[in-house]
Asker: 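I'd like to ask some things about the structure below.
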Amino acid sequence: MKTVLQLNTSIQSGNGESSRLAHEFVEQLDADEVIVRDLAKNPVPHLTAERFGAFLSKAETRTPEQAAVLRYSDLLIHELQRADTIVLGLPMYNFGVPSMLKAWFDHVARAGVTFRYTEKGPVGLLTGKKVYVFATRGGYYEGTPRDTQTAYVRDFLAFLGITDVEFVYAEGLAIGEAVKAASLAKAREQLQQLVPAYA
Ligand SMILES: Cc1cc2nc3c(=O)[nH]c(=O)nc-3n(C[C@H](O)[C@H](O)[C@H](O)COP(=O)(O)O)c2cc1C
């Protein structure tokens with residue numbers, strides 16, 4: 001059973017350029033099950049002391065509110081655990097990842113569930129997964145120190161045990177219509193080349 005988790009993180013929901021590329025890719029994969037989590041339609045709340053407290057709470061003393069927070073985090077994690085392939089639409093907003101993606105990260109990083117601490121440091125518990133990232137930007141960052149997104153997303157996923165991560169970039173989308181069209185066309189070419197690798 002092959003399961004794909006498509007994560008749309010554009011504020012434009014399915015109409016974002018990153019969501020479109022992610023969708024076009026997923027459509028061509030021969031998956032048995034596709035889970036679409038759209039963070040614009042269903043935003044993940046910001047992590048607060050109360051919500052983090054729920055993650056740490058003991059079953060014996062857990063309040064109904066804490067139990068609800070845990071159930072919600074468990075649901076997001078279950079989607080991630082279930083998927084062998086994760087397809088992430090990743091816009092750049094104000095030099096970083098969408099805050100909605102950060103909120104999702106904050107709800108799926110759970111000690112003892114998706115990673116654990118050992119004497120040698122943290123170990124990720126989500127292994128054997130492949131991630132495809134469709135990164136869309138108004139300007140140009142790929143391969144420069146200003147591309148903080150790539151390193152950050154790679155580091156976070158590696159922390160959970162996911163190290164097989166492929167990026168496709170569509171950059172210069174704010175430069176002008178011709179540049180945008182050419183950039184999206186190039187990203188779509190790369191996208192097509194990745195489809196056969198999905199076995
Ligand atoms: C609020 C906002 C902030 C943005 N900040 C940046 C930025 O810092 N750097 C950049 O290159 N493009 C920036 N852009 C342009 C987006 O990266 C670009 O429009 C991209 O297509 C967004 O992906 P989406 O269409 O999937 O939402 C920004 C766009 C918005 C709406």
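Heavy atoms only: backbone and side chains are in, while hydrogens, waters and symmetry mates are out. All ligand and atom numbering here is 1-based and tracks the order in the structure.
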Asker: Could you tell me, atom by atom, which parts of ligand 1 come under 4.0 Å of a heavy atom of Arg137?
Answerer: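 Going through ligand 1 atom by atom, the ones under 4.0 Å from Arg137 are 11 (O), 17 (O).
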Asker: Under the side-chain hydrogen bond (donor to acceptor under 3.5 Å, both in side chains) rule, what do Arg51 and Gln66 come out as? Steps first, then yes or no, please.
Answerer: CA-CA 7 Å; Arg51 296 183 80 81; Gln66 288 177 324; over 6 Å; no
Asker: Does Ile11 reach ligand 1 with a nitrogen or oxygen that is under 3.5 Å from one of the ligand's nitrogen or oxygen atoms?
Answerer: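 Among all N and O atoms of Ile11, none is under 3.5 Å from an N or O of ligand 1.
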Asker: Specify the protein heavy atom at minimum distance from atom 14 (N) of ligand 1: its residue, its atom name, and the distance to 0.1 Å.
Answerer: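 Here the nearest protein heavy atom works out to Met92 O, 3.3 Å.
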Asker: Which value, rounded to the nearest 0.5 Å, describes the distance between Asn42 atom CG and Leu76 atom CG?
Answerer: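 Taking CG in Asn42 and CG in Leu76, the distance rounds to 10.0 Å.
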Asker: Among all the protein's non-hydrogen atoms, which is closest to atom 5 (N) of ligand 1, and how far away is it?
Answerer: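 In this structure, atom 5 (N) of ligand 1 has Asn94 N, 2.7 Å as its nearest protein heavy atom.
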Asker: Pick from Leu90, Leu101, Ile35: which one makes a side-chain contact (heavy atoms from CB on, under 4.5 Å) with Leu7?
Answerer: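 One option only clears the test, and that one is Leu101.
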Asker: Can Tyr141 be said to touch ligand 1, with heavy atoms closer than 4.0 Å?
Answerer: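 Judged by the 4.0 Å heavy-atom criterion, Tyr141 does count as contacting ligand 1.
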Asker: Apply side chain to side chain donor-acceptor pair (under 3.5 Å) to Glu142 and list each qualifying residue two or more places apart in sequence or on a separate chain.
Answerer: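 None.
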Asker: Suppose we measure from atom 29 (C) of ligand 1 to each protein heavy atom; which comes out shortest, and what is that distance?
Answerer: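 Of every protein heavy atom, Tyr93 CD2, 3.7 Å lies nearest to atom 29 (C) of ligand 1.
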Asker: Do me a favour and list the nearest non-hydrogen protein atom to atom 20 (C) of ligand 1 with residue, atom name and distance?
Answerer: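 The protein heavy atom lying closest is Thr136 OG1, 3.7 Å.
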Asker: Counting only heavy atoms not in Arg62, do more than 12 sit closer than 6.0 Å to its CZ atom?
Answerer: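 Above 12, so yes.
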Asker: Could you tell me, atom by atom, which parts of ligand 1 come under 4.0 Å of a heavy atom of Pro91?
Answerer: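 So the atoms of ligand 1 that pass are 22 (C), 23 (O), 24 (P), 26 (O), 27 (O).
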Asker: Can you tell whether the side chains of Asp84 and Lys129 come within less than 4.0 Å, N to carboxylate O?
Answerer: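 Looking at Asp84 and Lys129, the cut-off is not met.
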Asker: With a cut-off of 4.0 Å, which atoms of ligand 1 are near a heavy atom of Ser18?
Answerer: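 Those atoms are 24 (P), 26 (O).
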Asker: Can you list the atoms of ligand 1 that are under 4.0 Å from a heavy atom of Gly139?
Answerer: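 Here the atoms of ligand 1 in question are 10 (C), 11 (O).
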Asker: Can you list the atoms of ligand 1 that are under 4.0 Å from a heavy atom of Leu173?
Answerer: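 Contacts of ligand 1 toward Leu173, numbered from 1: 21 (O).
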Asker: Honestly curious: do Leu21 and Leu88 fall in one hydrophobic cluster under the side-chain, below-4.5 Å linking rule?
Answerer: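 Each belongs to a different hydrophobic cluster.
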Asker: State whether the shortest distance between N or O atoms of Glu17 and N or O atoms of ligand 1 falls below 3.5 angstrom.
Answerer: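 For ligand 1, there is an N or O atom that lies under 3.5 Å from one belonging to Glu17.
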Asker: Just to confirm my output: which protein heavy-atom neighbour is closest to atom 12 (N) of ligand 1, and how far is it?
Answerer: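 Ranked first by proximity to atom 12 (N) of ligand 1 is Gly138 N, 3.0 Å.
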Asker: Looking at Lys2 and Glu33, is any side-chain nitrogen of the basic one under 4.0 Å from a carboxylate oxygen of the acidic one?
Answerer: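 Result for this pair is no, no salt bridge flagged.
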Asker: Check this for me, if you would: do Glu79 and Arg82 make a salt bridge, where the nitrogen-to-carboxylate-oxygen distance has to be below 4.0 angstrom?
Answerer: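 Looking at Glu79 and Arg82, the cut-off is not met.
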Asker: Mark up the atoms of ligand 1 that fall under 4.0 Å of a heavy atom belonging to Gly16, in ascending order.
Answerer: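 In order of number, 24 (P), 25 (O), 26 (O).
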